[in-house]
Protein chains: 2
Amino acid sequence: MDAVKENTRQIIIDSSIKLFAQFGYANVSVRDIADAVGIKPASLYYHFDNKQTLYLASIKESFSLKASGLSEILQSQEPAEIRLKNYIYKFTALASEDEPFCRLIQREMLDGDEQRMQYLAEKVFKDQFDALDLLVIEINPQCDSHMSAISILSLVLYHLETTPIRYFLKGHKKQHNQAEFIAQHVFNLLMNGLLKS
Amino acid sequence: MDAVKENTRQIIIDSSIKLFAQFGYANVSVRDIADAVGIKPASLYYHFDNKQTLYLASIKESFSLKASGLSEILQSQEPAEIRLKNYIYKFTALASEDEPFCRLIQREMLDGDEQRMQYLAEKVFKDQFDALDLLVIEINPQCDSHMSAISILSLVLYHLETTPIRYFLKGHKKQHNQAEFIAQHVFNLLMNGLLKS
DNA sequence: CAAAATACCTAACAACTGTTAGTTAGGTAA
DNA sequence: TTACCTAACTAACAGTTGTTAGGTATTTTG
């Protein structure tokens, strides 16, 4: 039955996403994935040509699921600053909910070759980045929108990525790990800089 | 002679830093390192107990070299905002010059266990982070200094880390990869937010 | 019902992994 | 000369890796 085929294939991909995100490509063996799925290693090769192909299918799957609700926010009829605020809150929430996705992106940044970077940029980030770029221009036509857009993303993502180490750094509080708190801080910083709070 | 011993050991560590930073722990074999050094794999075990130990020695070495000139800047007699500006420019320059260092930190963020996070936080980042925290408080006593300090670091590091992908994103220019340009953007954002430029 | 396709299996392969045992050449101290 | 230390070596180990060939139930199709 097709449902069964699709089902197993999907379970393999879902398991792979989690494993690759957690441990990285080289640290996950074909046997690990097979164990997680509950089949034998050789059976994976019925569904995928090889490990590399399975990995690429996994990141494509993981990345294609994103970028859903965010475009609406960026293109709504609200004033620019409200749209930015909504975007930051929503993006922070989405990113904090999907740790495997964030980790996969980090890993791709480190280990992805030029071709994969291009894929990521054009197929995953393009629409969102372009819309964010336009929004930044709307807020301040004078600024370097490319740099500003990167800055916005960096603020959100880095606070999330540094969660495990911030715990050991001065002044850490529990609330610093909450998505809403991070979003609030980032939006305030973008609006006022460091000087007001 | 001691000089010879220290020399080989140092060459091993230097080679390891580059390889581990570039490819990651699991993707670098003991034979790769030996080849890079110009000795046989077994000879590595005269200088280090095992691969893990060599890796730890490499990151300690790489991390201990930093944090030199930065403390002076943070503790100088200049006004707070000037100190922040100087710090951002210097930090951006240092980070952009030492790519292996940046990559090792990224990898540790992803794969380091709690113990290594603690080591990183307390032995590598502590002094700098605390000083930066104090500087932020000086600039604005009202703000959440922990979050703000992370934000400052995130802005600098993320612009550097995203270099390979920003190339494919809208509005990219060559100058966006230059340390001084990044520092200027970050400092301006921190002072004025997005609104002024 | 027979044939074919599906989705799994067992068993094994060659290559590579970290690591160890044992050896050797050269320098140093008694 | 003898004994020891240093810093490298050769050769091999046991385990893991990605992958393949060939077999086997179950389901679908002609």
Aromatic rings A/Tyr158 and B/Tyr158: how do their planes relate, parallel, tilted or perpendicular, breaks at 30° and 60°?
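Ring orientation of A/Tyr158 relative to B/Tyr158: perpendicular.
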Below the 4.0 Å mark, does [N] have OP1 or OP2 next to a side-chain nitrogen or oxygen of [X]?
X	N	result
A/Thr8	C/dA7	no
A/His47	C/dC8	yes
A/Ser43	C/dC9	yes
A/Ser29	D/dT16	no
B/Tyr46	D/dA7	yes

Find the distance [X]:[atom1] to [N]:[atom2] and express it as a whole number of Å.
X	N	atom1	atom2	result
A/Lys51	D/dG18	NZ	P	4 Å
B/Asn27	C/dT17	CG	P	10 Å
A/Asn50	D/dT20	CG	P	8 Å
B/Phe48	C/dT20	CZ	P	15 Å
A/Leu44	C/dC8	CG	C1'	11 Å
A/Arg9	C/dT6	CZ	C1'	15 Å
A/Asn7	C/dC8	CG	C1'	15 Å
B/Lys40	C/dT23	NZ	P	20 Å

Is the count of non-hydrogen atoms from other residues, nucleotides or ligands lying under 6.0 Å from B/Lys126 atom NZ greater than 12?
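No, NZ of B/Lys126 has 12 or fewer neighbouring heavy atoms, counting only those of other groups under 6.0 Å.
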Inspect the surroundings of CD in B/Glu61 and state if more than 12 heavy atoms from other residues, nucleotides or ligands are less than 6.0 Å away.
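For B/Glu61, atom CD is crowded (more than 12 foreign heavy atoms under 6.0 Å).
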Starting at the 5' end of DNA chain C and moving along, which residue's nearest nucleotide shows up first, B/Tyr45 or A/Pro41?
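The answer here is A/Pro41.
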Which is true for A/Val28 with a 4.0 Å heavy-atom rule: it touches a base, it touches only sugar-phosphate, or it touches nothing?
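Sugar-phosphate, no base atom in range.
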Do the numbers put A/Lys51 on top of the ring of A/Tyr25, so that NZ or CZ is under 6.0 Å from the six-membered ring centre and no more than 45° off the axis?
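The answer is yes; both the distance and angle limits are met.
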Side-chain ion pair, B/Lys170 and A/Asp130, N-O less than 4.0 Å
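Salt bridge flag = no for A/Asp130 with B/Lys170.
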D/dA21, C/dG18, C/dA12: which one has an atom nearest the side-chain heavy atoms of A/Arg31?
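For the A/Arg31 side chain, the nearest candidate turns out to be C/dA12.
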